[in-house]
Amino acid sequence: MAYSEKVIEHYENPRNVGTLDKNDEHVGTGLVGAPACGDVMRLQIKVSDAGVIEDAKFKTFGCGSAIASSSLATEWLKGKTIDEAEQIKNSMIAEELHLPPVKIHCSVLAEDAIKSAIADFRSKQAAKKALAGQ
Amino acid sequence: MIDPFQTLGVEARFDLDPDELARRHRDLSRALHPDRYAGAPAAERRLSLSRAIEVNDAFRVLKDPIRRAEALLRRAGVPVGETAEPKPSPDLLMEMMERREELGDARRRKDLVAVRALTEAIRVREREVLASMGRQFAVSDPDSTKLAVVLPELGELRYLRRFLDEASAIEEELTT
């Protein structure tokens, strides 16, 4: 199957590959996978006290489209507020990368990873508040 | 989709005897060999050829435990594939992420010993998962959607296979 130029570009030069400290209270980690293809994707965000995503990193073991989807997601996340980040939809990723129908699930995985990273960050913040309120 | 068990004329079960499977494939391939149809009418030649292709496809499916499991599930009416299967457990994802990163580190260090040790550990896991799936398929009604209980292990098997494919590519790269 032919990959689009944008997928190849992200695959060959993935942005923001790496790890953030998952124990940092400012960091939210999302870990998701697609059982039908054995892909695993980790996406992390670092959020400032003002609620802005200062940094985003990913690591994906999977096909070119899965790598490109998560790479693009980290690019889009940087500089956004948490609320803005939540508005990122898989269809936007699929459109930007010209993903064919059989690869749409890769963009779904990236959206899941974003949501899961945000949920992790929020649960850390809630736990911190609960602790402070004691 | 054609039922590969029916095509090869073997019982629809997960624990297939690999020798019997190979024997059925060989016998059918011989019977359908183009040489036998050299003097036959064109329609019959075409039919035997397309049957031979079906037989080869079915053999490839049934030889592979992942595709064999998928074929059993489809027969029983359990949807398989993207979006139809349950999400992998967080523990499995965490573990596979860690193992794949260790494999990547071993590759960078050109540490063949580490690559082989990681491979062996995953092979052991693969055998355990296969054995457990065999037990689950054996006790379940083969035509019931209750077979869906094997889906998490099928997912795990695909993760292990991915790891092993990657590991064998790295091993080849490091030994040549």
Side-chain angles (χ1 to χ4, degrees), chain A residues 1 11 14 16-23 27-44 57-67 69-70 90-91 93-94 99-120 123-124, chain B residues 64-67 69-71 73-74 78-108 115 118 122 125-126 129 133 148-170:
Chain A
M1 188 201 56
Y11 179 73
N16 311 310
V17 172
T19 321
L20 298 170
D21 177 9
K22 69 176 194 308
N23 298 315
V27 170
T29 301
L31 184 62
V32 295
C37 40
D39 285 359
V40 54
M41 180 183 289
R42 181 182 61 216
L43 189 145
Q44 296 181 296
K57 296 275 187 208
F58 85 96
K59 182 83 204 195
T60 295
F61 294 101
C63 68
S65 301
I67 290 167
S69 295
S70 38
N90 86 281
S91 55
I93 295 170
L99 295 182
V102 294
K103 290 290 176 183
I104 295 297
H105 68 269
C106 296
S107 62
V108 174
L109 204 57
E111 184 187 325
D112 274 355
I114 295 171
K115 295 221 157 76
S116 152
I118 292 173
D120 180 53
S123 77
K124 272 186 185 174
Chain B
D64 175 355
I66 292 175
R67 297 182 68 191
E70 288 169 349
L73 289 161
R74 281 202 195 91
V78 179
V80 290
E82 217 50 64
T83 70
E85 295 182 28
K87 287 188 177 169
S89 78
D91 286 349
L92 176 67
L93 288 176
M94 187 89 80
E95 193 198 348
M96 291 326 296
M97 181 56 88
E98 282 171 5
R99 294 292 93 79
R100 293 290 292 263
E101 287 186 317
E102 284 166 16
L103 189 61
D105 289 344
R107 180 193 181 187
R108 271 184 291 280
V115 171
L118 282 161
I122 297 293
R125 274 279 292 284
E126 188 186 37
V129 173
M133 281 173 75
V149 292
V150 306
L151 283 175
E153 287 189 320
L154 175 59
E156 185 171 346
L157 199 56
R158 295 202 197 92
Y159 275 100
L160 301 176
R161 173 70 59 85
R162 273 299 172 90
F163 180 99
L164 292 171
D165 287 348
E166 172 82 8
S168 94
I170 291 171

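Keep in mind that the numbers below use all heavy atoms, side chains included, and drop hydrogens, waters and symmetry copies.
The candidate with the highest count of non-hydrogen atom pairs below 4.5 Å against chain B, out of A/T60, A/L31, A/D112, A/V108, is A/L31.
The environment of CE in B/M94 is sparse: at most 12 heavy-atom neighbours from other residues, nucleotides or ligands sit within 6.0 Å.
Across every non-hydrogen atom of B/P88 and A/G33, the tightest pair is CD-O, 3.5 Å.
Atom CZ of A/R42 and atom CD of B/E101 lie 4.5 Å apart (nearest 0.5 Å). Summarising the geometry, atom CE belonging to B/M96 is positioned 9.5 Å from atom CZ belonging to A/F61; distances are rounded to the nearest 0.5 Å. In this structure, SG on A/C63 lies 7.5 Å from CZ on B/R162, to the nearest 0.5 angstrom.
Looking only at distances, a side-chain donor or acceptor of B/R158 sits under 3.5 Å from a matching main-chain atom of A/P35. Checking side-chain atoms of B/Y159 against main-chain N and O of A/C37 turns up no donor-acceptor pair under 3.5 Å.
Neither the backbone nor the side chain of B/P152 comes within less than 4.5 Å of any heavy atom of chain A. Of the atoms belonging to A/V32, it is backbone heavy atoms, and not side-chain ones, that fall under 4.5 Å from chain B.
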